[in-house]
J.: 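Before I ask anything, let me first share the structure, which is written out below as structure tokens.
Bear in mind that the values here come from a model prediction, so they are computed numbers and not experimental data. Below, read A as the first sequence line, B as the second, and so on, with proteins coming before strands; counting in each chain starts at 1.
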2 protein chains.
Amino acid sequence: MPTRTAAEKRADAKADYDAFLANCPSRQLLGRISDKWVALILAALGDDGPLVGFEGAGFERAGSERANGERADVACAGEPRQMRYSELSRRLAGVSQKMLTQTLRSLERDGLVTRTVTPTVPVTVTYELTDLGLSLQQVMRGIKVWAEAHMDEVFINRENYDTHAI
Amino acid sequence: MPTRTAAEKRADAKADYDAFLANCPSRQLLGRISDKWVALILAALGDDGPLVGFEGAGFERAGSERANGERADVACAGEPRQMRYSELSRRLAGVSQKMLTQTLRSLERDGLVTRTVTPTVPVTVTYELTDLGLSLQQVMRGIKVWAEAHMDEVFINRENYDTHAI
DNA sequence: CAGGATCCAGTAGGATACTG
DNA sequence: CAGTATCCTACTGGATCCTG
């Protein structure tokens with residue numbers, strides 16, 4: 001059958017992408033997902049627990065208890081990771097609507113999140129990770145965690161660097 | 001003892017960093033490391049093998065054979081992940097000297113890589129991951145791999161998105 | 001509520017030229 | 001070789017106003 005879409009042809013071409021190459025699409029994709037807001041959005045939509053052993057059995061979720069009130073807006077009840085625009089906006093403190101919308105659109109286009117519009121009185125829009133998005137979230141999560149975990153160490157290194165080498 | 005550096009005071013403050021907060025230093029750090037060039041530099045300095053079981057025993061390294069000459073500049077012999085400036089420059093195809101130098105400085109300052117100058121005739125500078133850098137590389141590697149692995153899927157999603165929703 | 005549309009400042013980042 | 005310095009453009013991203 002001669003009617004094959006470009007997508008199909010690309011799919012079974014199985015090109016071995018290499019982000020080290022300047023013109024490889026994966027380089028561009030890498031640039032797209034290596035983004036602060038992407039990391040935070042994915043983390044927000046996926047922080048219903050560590051789910052380390054995802055493909056297997058028991059995935060325990062991080063106890064959603066944050067004793068000190070302040071922000072208990074995590075909203076991870078039941079079958080989680082499904083947030084409204086305004087929830088995301090509040091969770092990612094300091095994000096501008098432009099960046100939030102723009103990043104969400106990009107994620108939606110790439111098939112990492114789904115956007116669901118519910119025609120209530122004031123319209124309700126929810127975002128949710130797709131399976132693909134979840135797979136990326138698994139690795140992106142690590143970056144955020146790493147940053148939070150090694151902040152102190154980095155601080156000390158910076159101080160050394162700045163004072164020692166003037 | 002009253003003589004405690006700011007670094008020390010910060011260290012045992014053990015603040016629970018949260019990148020979701022706008023003013024948290026970890027947010028800034030997250031922004032810094034969520035970078036295409038950071039990902040590629042770390043990957044280049046660390047691609048001496050999968051080293052999944054790093055802390056444990058046998059780490060097999062990816063066979064450093066690239067039959068077709070062209071670029072055999074991977075230079076992962078012996079005790080690997082130690083690259084010269086020019087090697088990195090060649091490996092990260094398309095990177096400008098400015099971005100390469102700038103990113104390397106930043107990584108050095110944060111204690112992720114070490115910079116070693118050997119006063120040969122034309123000076124020789126090598127970069128190497130620190131333990132801290134290696135720990136980050138372990139997670140950053142996943143992003144590059146993910147991008148390369150899911151490129152096709154993303155392509156299809158984009159096509160659907162673009163055609164379906166005009 | 002969930003954005004779309006603009007405007008505009010800041011900076012990321014490439015190109016080029018020069019140096020120890 | 002491994003940068004530094006400078007210039008300049010383009011895009012990032014915030015602020016603001018507007019709409020269904």
J.: Calculate the interatomic distance between A:Met99 atom CE and C:dA2 atom P; express it in whole Å.
T.: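 Atom CE in A:Met99 sits about 18 Å away from atom P in C:dA2.
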J.: For B:Ile41 and D:dA2, what is the distance between atoms CD1 and P respectively, to the nearest whole Å?
T.: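 In whole Å, D:dA2 P and B:Ile41 CD1 are 14 Å from each other.
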J.: Whole Å only: how far is the CG atom of A:Leu104 from the P atom of C:dC1?
T.: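 Spelled out: CG on A:Leu104 to P on C:dC1 is 16 Å.
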J.: Between D:dG14, D:dG3, C:dG14, which nucleotide has the shortest distance from any of its atoms to the side chain of B:Trp37?
T.: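 Selected nucleotide (nearest to the side chain): C:dG14.
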J.: Counting heavy atoms from C-beta on, name the nucleotide in C:dA2, D:dG3, D:dG13 closest to the side chain of A:Asp35.
T.: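 Out of C:dA2, D:dG3, D:dG13, the nucleotide with an atom closest to A:Asp35's side chain is D:dG13.
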J.: Is the phosphate of C:dC1, meaning OP1 or OP2, less than 4.0 Å from a side-chain N or O of A:Arg84?
T.: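 For C:dC1, OP1/OP2 do not have a side-chain N/O of A:Arg84 under 4.0 Å.
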J.: For C:dG13, take OP1 and OP2 only and decide whether either is under 4.0 Å from a side-chain N or O of B:Ser96.
T.: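 For B:Ser96, the contact criterion (side-chain N or O under 4.0 Å from OP1 or OP2 of C:dG13) is not met.
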J.: Whole angstrom is fine here: how far is it from CG in A:Leu107 over to P in C:dG3?
T.: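 After rounding, the gap between these two atoms is 13 Å.
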J.: If I take atom CG in residue A:Leu100 and atom P in nucleotide C:dA5, what distance separates them, rounded to the nearest angstrom?
T.: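 Rounded to whole Å, this separation is 17 Å.
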J.: Could you give the CD-to-C1' distance, from B:Glu108 to D:dG3, as a whole number of Å?
T.: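 Roughly 13 Å, once rounded to whole Å.
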J.: Measuring from atom CG of A:Asp110 to atom CG of B:Asn157, what distance do you get when rounded to the nearest 0.5 angstrom?
T.: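 Interatomic distance, A:Asp110 CG to B:Asn157 CG, rounded to 0.5 Å: 7.5 Å.
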J.: Can a side chain N or O of B:Tyr127 be found less than 4.0 Å away from OP1 or OP2 on D:dG3?
T.: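 Checking B:Tyr127 against D:dG3: at least one side-chain N or O falls below 4.0 Å of OP1 or OP2.
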J.: Would you mind checking if A:Arg91 and A:Glu87 are paired as a salt bridge, meaning a charged N to carboxylate O distance below 4.0 Å?
T.: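 Result for this pair is no, no salt bridge flagged.
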J.: Taking the side chain of A:Lys98 as its heavy atoms from C-beta onward, which of D:dG3, D:dA15, C:dC1 lies nearest to it?
T.: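 Nucleotide nearest to A:Lys98's side chain: D:dA15.
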J.: When you match A:Thr101 and B:Val95 each to their closest nucleotide on DNA chain C, which lands nearer the 5' end?
T.: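 Comparing both residues, the 5'-ward one is A:Thr101.
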J.: Round to a whole Å and report the spacing from CG of B:Leu92 to C1' of D:dA2.
T.: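 In whole Å, D:dA2 C1' and B:Leu92 CG are 15 Å from each other.
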J.: Please tell me if the side chains of B:Gln82 and B:Tyr127 come closer than 4.5 Å, counting only heavy atoms from C-beta onward.
T.: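 Side-chain contact under 4.5 Å: no.
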J.: Answer yes when A:Arg109 and B:Asp162 have at least one side-chain N-carboxylate O distance shorter than 4.0 Å, and no when they do not.
T.: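 Answer for the salt bridge query: yes.
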J.: What's the closest nucleotide to the side chain of A:Val123 if the choices are D:dA2, C:dG3, D:dG20?
T.: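 Nearest to the side chain of A:Val123 among the choices is D:dG20.
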J.: Only one of B:Leu129, B:Leu45, B:Val113, B:Val125 passes side-chain contact (heavy atoms from CB on, under 4.5 Å) with B:Met83; say which it is.
T.: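 Checked B:Leu129, B:Leu45, B:Val113, B:Val125 against B:Met83; only one passes side-chain contact (heavy atoms from CB on, under 4.5 Å): B:Leu45.
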J.: Could you give the CD-to-C1' distance, from B:Gln97 to C:dT19, as a whole number of Å?
T.: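 Rounded to the whole Å, the gap is 14 Å.
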J.: Which nucleotide, D:dG13, D:dC1, D:dG3, lies nearest any side-chain atom of B:Val125?
T.: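 Output: D:dG3.
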J.: Nearest to the side chain of B:Arg115, which nucleotide is it out of C:dG3, D:dA2, D:dC1?
T.: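 Comparing C:dG3, D:dA2, D:dC1 against the side chain of B:Arg115, the answer is D:dA2.
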